[in-house]
Protein chains: 2
Amino acid sequence: MVDEQGREKGEKGDTRVPPGLVRFELLHEDASGTKARRGRLHTPHGPIETPIFMPVGTVGSVKGVGPDDLKTLDAQIILGNTYHLMLRPGEPLVGEMGGLHRFISWDRPMLTDSGGFQVFSLSEKRKITEEGAAFQSHLDGSRHSLSPERSIEIQETLGADVIMAFDECPPSTEDRAYLEKSLARTTRWLHRCVKAWSRERSSLFGIVQGGLHEDLRKRHAEEICAVDLPGYALGGYSVGEAPEAMHAGVAYSAPLLPRDKPRYLMGVGTPLDLVTCVEQGVDMFDCVLPTRCARNGLLFTSEGKLVIRNAAYARDPRPVDPACSCYTCRTFSRSYLRHLFAAGEILAMRLNTLHNLHYFLDLMAQVRRAIAEDRFAAFARDFRAKAVAQEAERKGGR
Amino acid sequence: MVDEQGREKGEKGDTRVPPGLVRFELLHEDASGTKARRGRLHTPHGPIETPIFMPVGTVGSVKGVGPDDLKTLDAQIILGNTYHLMLRPGEPLVGEMGGLHRFISWDRPMLTDSGGFQVFSLSEKRKITEEGAAFQSHLDGSRHSLSPERSIEIQETLGADVIMAFDECPPSTEDRAYLEKSLARTTRWLHRCVKAWSRERSSLFGIVQGGLHEDLRKRHAEEICAVDLPGYALGGYSVGEAPEAMHAGVAYSAPLLPRDKPRYLMGVGTPLDLVTCVEQGVDMFDCVLPTRCARNGLLFTSEGKLVIRNAAYARDPRPVDPACSCYTCRTFSRSYLRHLFAAGEILAMRLNTLHNLHYFLDLMAQVRRAIAEDRFAAFARDFRAKAVAQEAERKGGR
């Protein structure tokens with residue numbers, strides 16, 4: 001199962017990473033014709049098997065479930081959001097409480113974003129300069145600022161295993177001139193991040209931007225990857241473009257990142273996105289999709305999406321997904337879940353979230369097995385065909 | 001630990017209960033000077049150790065937790081509300097799904113109320129006649145009716161182990177003339193309930209009303225207990241009167257109920273209420289207090305009540321109750337729980353609910369041990385002294 005050449009390459013790369021930081025081990029490269037990779041990211045809180053999907057715990061909790069549930073689901077790593085946590089409860093408090101791991105009682109690996117993406121999403125309430133970004137809190141309008149230095153300071157106080165560079169994710173509607181200016185600034189910001197970074201227990205990943213412009217992506221990847229870091233990410237995808245455009249973009253960009261480092265595609269995506277981008281050599285993903293959809297009653301199943309409030313399920317004694325082994329599917333009927341959702345019961349959020357997270361995490365476990373067994377091309381082809389058929393059936397009015 | 005005389009008496013009484021229905025075993029009567037009893041209610045879904053507190057699962061879910069959590073908490077029996085379930089999802093649906101136990105995946109004992117209390121609480125939207133009550137749904141204004149026969153039909157369709165007689169719980173502000181009229185009607189309704197009752201798998205409990213009038217309570221207890229039933233309840237307490245008045249009322253009324261049958265005090269109450277009414281010989285309690293307070297951030301602890309949103313807990317690394325062994329207290333700090341609550345995270349509801357239910361259920365386990373060991377008088381005295389001191393401290397501005 002293990003590609004010796006790949007592993008050797010990975011380990012050679014890892015010798016450049018200081019002790020205490022993450023270290024990527026490239027275990028195997030798919031031999032069935034895809035760029036998919038099977039890896040292992042060693043972190044201060046234990047190893048992560050890649051490719052991996054990371055549930056998002058925005059404000060210090062993966063909405064609807066607890067750390068005990070996440071362990072039962074075999075979540076290997078979760079995310080925290082710097083923007084949300086700096087505003088509430090504030091990183092000094094989290095630091096005093098022993099860091100984010102201890103504060104939320106999660107002893108497995110954790111990753112925080114830089115806050116950049118959320119701040120730049122505030123559009124009306126923020127201002128960008130060379131120094132960084134000034135913005136108003138969405139909670140109370142209070143004024144705050146973020147800069148490369150401040151973002152790294154906050155993230156190191158939170159103490160995640162992986163921290164992200166402070167970057168700008170420019171809207172896809174911006175013209176090329178603005179994009180070029182933004183990319184150059186993001187590169188300068190990365191150098192400031194690196195300078196501010198203590199290298200003590202949090203590993204800094206760089207972020208490549210460039211929208212859907214291949215030449216800009218290429219140039220920015222060269223600039224970012226020229227900085228020796230424990231990992232690299234692709235930002236600026238899944239921000240409004242068509243899935244096909246995103247898939248084509250990732251197919252171009254992912255191979256621009258070093259082979260011996262983990263490749264993280266930020267904010268992606270649907271099950272189909274995950275499988276398709278793993279094919280292009282992506283190792284890490286995060287997205288609020290499974291948890292947010294769960295709270296809205298949209299459930300992912302092996303037979304496609306299921307909208308639990310649908311009247312068709314009122315008297316349906318079957319589990320959400322007869323092929324699923326999660327607690328929700330082992331224990332409850334569609335009928336009961338529909339009732340809970342219609343009645344607005346808190347338990348609906350929990351049970352739906354447990355199911356959707358299980359679906360995403362189990363999908364990635366299947367992905368890892370398929371890569372290890374050199375049959376990922378067939379796995380991805382079958383998955384895509386099924387997804388297309390399910391979508392056609394859904395649009396056909398079923 | 002077992003009082004042979006008590007048990008014999010219990011068993012003699014039980015021979016009158018048809019097989020398949022509940023059977024009360026009076027294990028022991030406290031010998032330390034109280035009327036407290038240690039009992040066991042045998043039900044089709046297993047035994048319940050009494051005195052017992054029953055968490056309320058209004059719409060088919062104990063708000064904030066699942067059946068797995070309830071088992072971990074060692075909840076022995078939970079409640080369902082006929083009024084809520086008849087409106088949504090409707091008892092025919094629950095019946096088709098195999099009954100309430102199967103619908104909500106709870107294989108331990110269950111009790112449903114008659115719907116009367118909720119309907120009569122609608123005040124503006126209901127009309128009472130000899131036949132029963134006509135009312136409008138609080139959900140959509142649709143018109144419904146309940147009667148003794150209809151309530152029993154619904155409850156038998158839901159299929160709980162214990163079902164309650166359809167009664168009127170008149171407001172404590174009603175004059176004596178109305179109360180007398182209401183009590184006589186509730187007695188006639190009980191006879192209609194008994195006639196409608198199939199005796200197949202659900203055991204009917206009668207309900208004694210009478211407000212705070214001792215003579216009315218006595219007369220009504222005689223009327224209700226003249227009907228041979230598997231258990232009897234006291235209704236119409238904790239509906240606005242002072243706790244002291246309720247305690248005095250229960251002290252008078254509880255001994256009016258048969259010694260060899262379970263005595264259920266409906267809708268009560270605070271930890272102090274439970275201990276005080278167990279002293280008067282009450283065996284069963286239910287209340288939304290622990291779950292509702294949890295959702296509002298009010299936590300019950302061995303040191304008194306704790307309002308988790310209080311700024312004093314922002315940086316408090318201690319558990320909610322250092323003396324508590326629940327999952328929440330074993331795992332999380334006050335600081336984190338305050339943050340979750342302030343951020344409106346769903347997990348706050350769950351963790352607070354787990355803690356409060358643990359507090360109530362563990363309190364009753366302590367109560368049972370104290371009775372079995374003939375030291376309940378001291379237990380209740382100490383508990384009351386501590387509660388009074390805590391309340392004084394709280395009012396003193398701490």
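Quantities reported herein were computed from a predicted structural model and do not represent experimental measurements. So that the names make sense, note that chain A is the first sequence line, chain B the second, and so on, each numbered from 1.
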Considering only heavy atoms, which portion of V65(B) lies under 4.5 Å from any heavy atom of chain A: side chain, backbone, both, or neither? backbone
Between I346(B) and R295(A), does a side chain to side chain contact (heavy atoms under 4.5 Å, CB included) hold up when you go through it step by step? CA-CA 10 Å; I346(B) 302 170; R295(A) 297 196 303 282; 3.7 Å; yes
Checking heavy atoms, do the side chain of R102(B), its backbone, both or neither come under 4.5 Å from chain A? neither
Atom of M97(A), atom of R315(B) and distance for their closest heavy-atom approach: CE-O, 3.1 Å
V59(B) and H339(A): which non-hydrogen atoms are nearest, and at how many Å? O-NE2, 2.6 Å
Does any backbone or side-chain atom of L340(B) lie under 4.5 Å from a heavy atom of chain A? Answer side chain, backbone, both or neither. side chain
Could you tell me which portion of R350(B) (side chain, backbone, both or neither) has an atom closer than 4.5 angstrom to a non-hydrogen atom of chain A? side chain
Taking atom CD1 of I104(A) and atom CD of E345(B), what is their separation to the nearest 0.5 Å? 10.5 Å
Students often mix this up, so state it plainly: with edges at 30° and 60°, are the rings of Y336(B) and F103(A) parallel, tilted or perpendicular? perpendicular
Counting only heavy atoms from other residues, nucleotides and ligands, does the tally under 6.0 Å from CZ of F360(B) exceed 12? yes
Tell me if the OH atom of Y313(A) is crowded by more than 12 foreign heavy atoms within 6.0 Å. yes
Using non-hydrogen atoms only, which part of D68(B) is less than 4.5 Å away from chain A: side chain, backbone, both, or neither? both
Okay, A348(B) and chain A: the region with an atom under 4.5 Å from a heavy atom over there is neither
Shortest non-hydrogen separation from L93(A) to A314(B) and the atoms involved: CD1-O, 3.3 Å
Working to the nearest 0.5 angstrom, can you tell me the gap between S61(A) OG and F332(B) CZ? 9.0 Å
